[in-house]
Visitor: 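Pasting in a structure now, in structure tokens, and then I'll have a few things to ask.
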Amino acid sequence: MSIQVKRVYDPPSAADGLRILVDRLWPRGLTKEAAALDRWDRDVAPSNELRKEFGHDHSRWDEFRAKYFAELDANPEPVKRLAGEA
């Protein structure tokens, strides 16, 4: 199994395979056609509260990571569904 992580703004390529957006918010300025996604899975993304708390402050990465994994552990079904796609 191979998983690639790409920015949704990067152009899709034939080598991408299944394209799943894992984010709570739709990317600004991007049409559904340009994104060329197979699925948008909001439930695997960090909660809005955690996302806002982190605020892209890279010095808080370890704290964010721990809280995000705790969120995933508390609600494992979306992760199981995503893992089943691979």
Side-chain angles (χ1 to χ4, degrees):
M1 171 175 61
S2 175
I3 297 175
Q4 297 179 36
V5 178
K6 290 180 70 173
R7 293 186 73 237
V8 71
Y9 295 105
D10 292 342
S13 74
D16 285 347
L18 187 66
R19 291 176 50 89
I20 302 172
L21 175 62
V22 177
D23 204 333
R24 297 268 176 194
L25 304 174
W26 186 260
R28 285 186 190 187
L30 189 67
T31 65
K32 290 182 181 182
E33 294 76 24
L37 300 172
D38 294 293
R39 193 170 81 229
W40 179 14
D41 202 337
R42 299 174 188 100
D43 296 333
V44 181
S47 67
N48 287 328
E49 295 79 17
L50 181 57
R51 183 180 54 79
K52 289 176 184 177
E53 180 183 327
F54 176 57
H56 300 285
D57 180 352
H58 296 284
S59 69
R60 300 184 65 210
W61 173 252
D62 291 335
E63 176 188 357
F64 169 81
R65 186 176 182 271
K67 288 181 176 182
Y68 179 41
F69 283 147
E71 286 185 353
L72 295 174
D73 288 342
N75 186 17
E77 289 307 313
V79 176
K80 289 179 184 176
R81 183 179 62 239
L82 185 63
E85 296 285 346

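Quick note: residue numbers are just sequence positions, from 1. The structure presented is a predicted model; accordingly, all values stated were derived computationally and were not measured.
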Visitor: For the NZ atom of Lys32 and the CG atom of Leu21, what is their distance to the nearest 0.5 Å?
Guide: 11.0 Å
Visitor: Between Phe64 and Tyr68, how do the two ring planes meet: parallel, tilted or perpendicular, split at 30° and 60°?
Guide: parallel
Visitor: Do the side chains of Trp40 and Leu25 join up, straight or via other hydrophobic residues, at under 4.5 Å, putting them in one cluster?
Guide: no
Visitor: Test Arg24 against Leu50 for side-chain contact (heavy atoms from CB on, under 4.5 Å), laying out the working first.
Guide: CA-CA 11 Å; Arg24 297 268 176 194; Leu50 181 57; over 6 Å; no
Visitor: Measuring from atom CZ of Arg65 to atom CZ of Arg60, what distance do you get when rounded to the nearest 0.5 angstrom?
Guide: 16.0 Å
Visitor: Looking only at heavy atoms, what is the nearest atom pair of Ser47 and Glu71, with distance?
Guide: OG-OE2, 2.6 Å
Visitor: Considering the options Asp41, Leu37, Ile3, Val44, which one meets the side-chain contact (heavy atoms from CB on, under 4.5 Å) requirement together with Ile20?
Guide: Asp41
Visitor: Any non-hydrogen side-chain atom of Leu82 less than 4.5 Å from a side-chain atom of Arg39?
Guide: yes
Visitor: Going by the side-chain hydrogen bond (donor to acceptor under 3.5 Å, both in side chains) test, which pairs reach into residues 9-21, not counting sequence neighbours?
Guide: Lys6-Asp16, Ser13-Asp16, Asp16-Arg19
Visitor: Which atom pair, heavy atoms only, marks the closest approach of Leu30 to Ala35?
Guide: CD2-CB, 3.7 Å
Visitor: Please report the shortest heavy-atom distance between Ala45 and Val22, naming the atom on each side.
Guide: N-CG1, 3.7 Å
Visitor: Nearest 0.5 Å please: distance from the CG atom of Asp43 over to the CD atom of Glu77.
Guide: 11.0 Å
